[in-house]
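Presented below is the structure to which this report refers.
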Amino acid sequence: MAKAVELTHQPISAEAMVAKVLKGKHGAVVTFLGIVRNQSEGKAVRYLEYEAYPEVALKKMEELLGEIKARWGIEDVAITHRLGRMEIGETAVIIAVASPHRGEAFEACKYAIDRLKETVPIWKKEVFVDGEHWVAGD
């Protein structure tokens, strides 16, 4: 079976994430894709770099799956976050949530990205034409 949480330096695919969670009992799959944008704080972004403390990050991501299961009864959730350098337009994070009904899937997906940013030790550096800085977590 595919891993439910993953950190990778390789490109990630929404279709692959959906395949990890979709089962015959599901009537909804909601995905969130975090894309590298070309602007931040009114400045032109050249690229981003992500770093993580993998052992803790994966543990916190697993805990997040437990929170979703406890709150919505949803077990079919997958989260993959890329690490390393990413160019404008590349996907940095994908979350896929599958459930029998759309309402719970939307709520759980939003919760997942918000909690990921709050609790998982993944750090983002924005590189601009005239400098760079690490972005503080939420």
Could you give the distance from [atom1] ([X]) to [atom2] ([Y]), rounded to the nearest 0.5 Å?
{"X": "L64", "Y": "E118", "atom1": "CG", "atom2": "CD", "answer": "10.0 Å"}
{"X": "K69", "Y": "I74", "atom1": "NZ", "atom2": "CD1", "answer": "12.0 Å"}
{"X": "E87", "Y": "L48", "atom1": "CD", "atom2": "CG", "answer": "9.0 Å"}
{"X": "I113", "Y": "I79", "atom1": "CD1", "atom2": "CD1", "answer": "8.0 Å"}
{"X": "E104", "Y": "S99", "atom1": "CD", "atom2": "OG", "answer": "5.5 Å"}

Please check if [X] and [Y] belong to a single hydrophobic cluster, counting links between Ile, Leu, Val, Met, Phe, Trp and Tyr side chain heavy atoms closer than 4.5 Å.
{"X": "Y111", "Y": "F32", "value": "yes"}
{"X": "I35", "Y": "M86", "value": "no"}
{"X": "L33", "Y": "V21", "value": "no"}
{"X": "L65", "Y": "V97", "value": "yes"}
{"X": "L83", "Y": "Y47", "value": "no"}

Practice prompt. Apply salt bridge (Lys or Arg N to Asp or Glu O under 4.0 Å) to the pair K59 and E62, showing each step before the final yes or no.
Written response: CA-CA 5 Å; K59 181 177 181 281; E62 289 286 351; over 6 Å; no

Worksheet entry | Lys/Arg cation over aromatic Y50: K124, 6.0 Å, 45° cone | no

What closest approach, in Å, do [X] and [Y] show between heavy atoms, and which atom pair accounts for it?
{"X": "K20", "Y": "A78", "result": "CD-CB, 4.0 Å"}
{"X": "L116", "Y": "H81", "result": "CD2-CD2, 4.0 Å"}
{"X": "V56", "Y": "P121", "result": "CG1-CG, 3.6 Å"}
{"X": "A112", "Y": "I68", "result": "CB-CD1, 3.8 Å"}
{"X": "I122", "Y": "A57", "result": "CG1-CB, 4.4 Å"}

Answer whether the closest heavy-atom distance between the side chains of [X] and [Y] falls below 4.5 Å.
{"X": "K43", "Y": "D130", "result": "yes"}
{"X": "L7", "Y": "M61", "result": "yes"}
{"X": "M17", "Y": "T80", "result": "yes"}
{"X": "V5", "Y": "V77", "result": "no"}
{"X": "T31", "Y": "I95", "result": "no"}
{"X": "W72", "Y": "E107", "result": "yes"}

Practice prompt. Among R85, E51, E49, H133, find the one that has a side chain to side chain contact (heavy atoms under 4.5 Å, CB included) with K125.
Written response: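 When side chain to side chain contact (heavy atoms under 4.5 Å, CB included) is applied between K125 and each of R85, E51, E49, H133, only E49 qualifies.
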
Worksheet item: Is it true that a side-chain atom of R82 and a backbone atom of I12 form a donor plus acceptor pair closer than 3.5 Å?
Response: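 Here the side-chain-to-backbone pair does not exist.
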
Discussion item. Strictly distance-based, threshold 3.5 Å: is any side-chain N or O of T91 a donor or acceptor partner for the main-chain N or O of V93?
Written reply: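 No; judged by distance alone, with no hydrogens or angles, the pair does not exist.
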
Item to complete: May I have the step-by-step check of side chain to side chain contact (heavy atoms under 4.5 Å, CB included) for R37 and V45, ending in yes or no?
Response: CA-CA 7 Å; R37 63 180 179 265; V45 173; 5.8 Å; no

Worksheet item: Does the pair R115 and E67 meet the rule for a side chain to side chain contact (heavy atoms under 4.5 Å, CB included), with working shown?
Response: CA-CA 10 Å; R115 289 291 288 159; E67 292 173 25; 3.1 Å; yes

Discussion item. With a 6.0 Å cut-off on the ring centroids, do W123 and Y53 count as close?
Written reply: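 Distance test on ring centres: not under 6.0 Å, no.
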
Discussion item. Do Q10 and T8 pair up side chain to side chain, a donor and an acceptor below 3.5 Å, judged on atom types alone?
Written reply: no

